Amino acid sequence: ETGVTQTPRHLVMGMTNKKSLKCEQHLGHNAMYWYKQSAKKPLELMFVYSLEERVENNSVPSRFSPECPNSSHLFLHLHTLQPEDSALYLCASSQEVLAPYNEQFFGPGTRLTVL
Amino acid sequence: GNSVTQMEGPVTLSEEAFLTINCTYTATGYPSLFWYVQYPGEGLQLLLKATKADDKGSNKGFEATYRKETTSFHLEKGSVQVSDSAVYFCALSEAGGFKTIFGAGTRLFVKA
C-alpha cells in the first residue's frame with residue numbers, strides 16, 4: 001500500500017450503532033488529520049495529531065472520538081450519530097504539523113450515511 | 001481571522017479553453033498557499049503550492065502566482081482537457097501555524 005488509505009470506503013449505520021473509521025499512512029509523516037466534507041459546505045477540520053498527540057479539537061461533538069495509537073494510524077470512533085453527520089470523512093497526513101511543511105496528503109475518504 | 005474566498009462554480013469550458021479560477025485570502029503574516037484538486041470519488045490531491053510572495057507554483061500545466069499586494073493566488077491553465085474536470089480548492093496555511101483553511105471549492109466541467 002502507498003500513500004494514505006482509509007477503510008471502510010462506505011459505511012451505513014443506524015443512530016444507535018457504534019463503528020470506527022480507520023486511516024493508515026505509509027509516508028513516514030508525523031502529522032495526521034480528520035476532516036468532514038459535506039455537500040455545499042467548506043471542508044471542516046475536526047482533529048489534528050502531531051506525533052500521536054492531539055493538537056487541535058475543533059469543537060467537535062463528543063459522539064466523534066479520535067484515537068492515534070502511533071504516527072501511522074488514526075481512528076475515528078463513532079457512536080449515537082445523527083443524520084446530519086452523514087458526509088465524506090477524509091483523513092490526511094503531512095510531514096510536519098507546522099507550515100510550511102504541512103502540505104497534506106489525503107486518503108480517498110469514507111462515505112458515511114446515518115439512517 | 002484567516003479566510004479563503006474562491007469563485008463560485010460550476011465553471012463550464014470547452015476543451016482547449018483558457019481557465020482562470022480566482023482565489024483571494026485574508027491572513028496575518030506570510031501564509032503558505034495551495035491549490036488542491038479532487039477528482040470524482042477521490043480525496044484531495046495537492047496540485048501546486050507557493051510559500052512566499054511572488055513565488056509561482058506550477059504542475060500539470062496549471063500555474064498560480066502568490067500576489068501579496070492583491071492577496072490573491074489565482075489558478076490558470078492555458079488549455080484545459082476533459083480529464084481536468086474536478087473540484088478545485090484554494091487553501092492557506094499560516095506561517096508557523098498548523099491549520100490549513102480551505103475555500104469552498106470550485107467545480108470545473110470540461111466538455112469535449
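Proteins get letters first, then strands, A, B, ... in listed order; numbering begins at 1 in each. Bear in mind that the values here come from a model prediction, so they are computed numbers and not experimental data.
- Under the disulfide bond (SG atoms under 2.5 Å apart) criterion, no residue pair touches residues 48-89 of chain B, with sequence neighbours excluded.
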Using a 3.5 Å cut-off and no angle test, enumerate the donor-acceptor pairs between side-chain atoms of residues 74-84 of chain A and protein atoms at least two apart in sequence or in another chain.
unit_1  : atom_1 : unit_2  : atom_2 : d
A/His77 : ND1    : A/Ser20 : OG     : 2.6
A/His77 : NE2    : A/Glu67 : OE1    : 2.7
A/His79 : NE2    : A/Ser62 : O      : 3.4

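- In this structure, B/Phe98 is a member of the same hydrophobic cluster as B/Phe102, with clusters built from ILVMFWY side-chain heavy atoms closer than 4.5 Å.
- Taking 4.5 Å as the limit, every side-chain heavy atom of A/Leu27 sits out of range of all side-chain heavy atoms of A/Ser72.
- Annotation: disulfide bond (SG atoms under 2.5 Å apart) contacts involving residues 85-115 of chain A, sequence neighbours excluded, comprise A/Cys23-A/Cys91.
- The closest side-chain heavy-atom distance from B/Leu75 to B/Leu48 is below 4.5 Å.
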Pairs of donor and acceptor atoms under 3.5 Å between chain A and chain B, please, with atom names and distances.
unit_1   : atom_1 : unit_2   : atom_2 : d
A/Arg9   : NH2    : B/Gly41  : O      : 3.2
A/Gln37  : OE1    : B/Gln38  : NE2    : 3.0
A/Gln37  : NE2    : B/Gln38  : OE1    : 2.9
A/Glu56  : OE2    : B/Lys99  : NZ     : 3.4
A/Ala99  : N      : B/Gly97  : O      : 2.9
A/Asn102 : OD1    : B/Ser93  : OG     : 3.2
A/Asn102 : ND2    : B/Ser93  : OG     : 2.7
A/Glu103 : OE1    : B/Lys49  : NZ     : 2.3
A/Gln104 : N      : B/Tyr36  : OH     : 2.8
A/Gln104 : NE2    : B/Thr100 : OG1    : 2.9

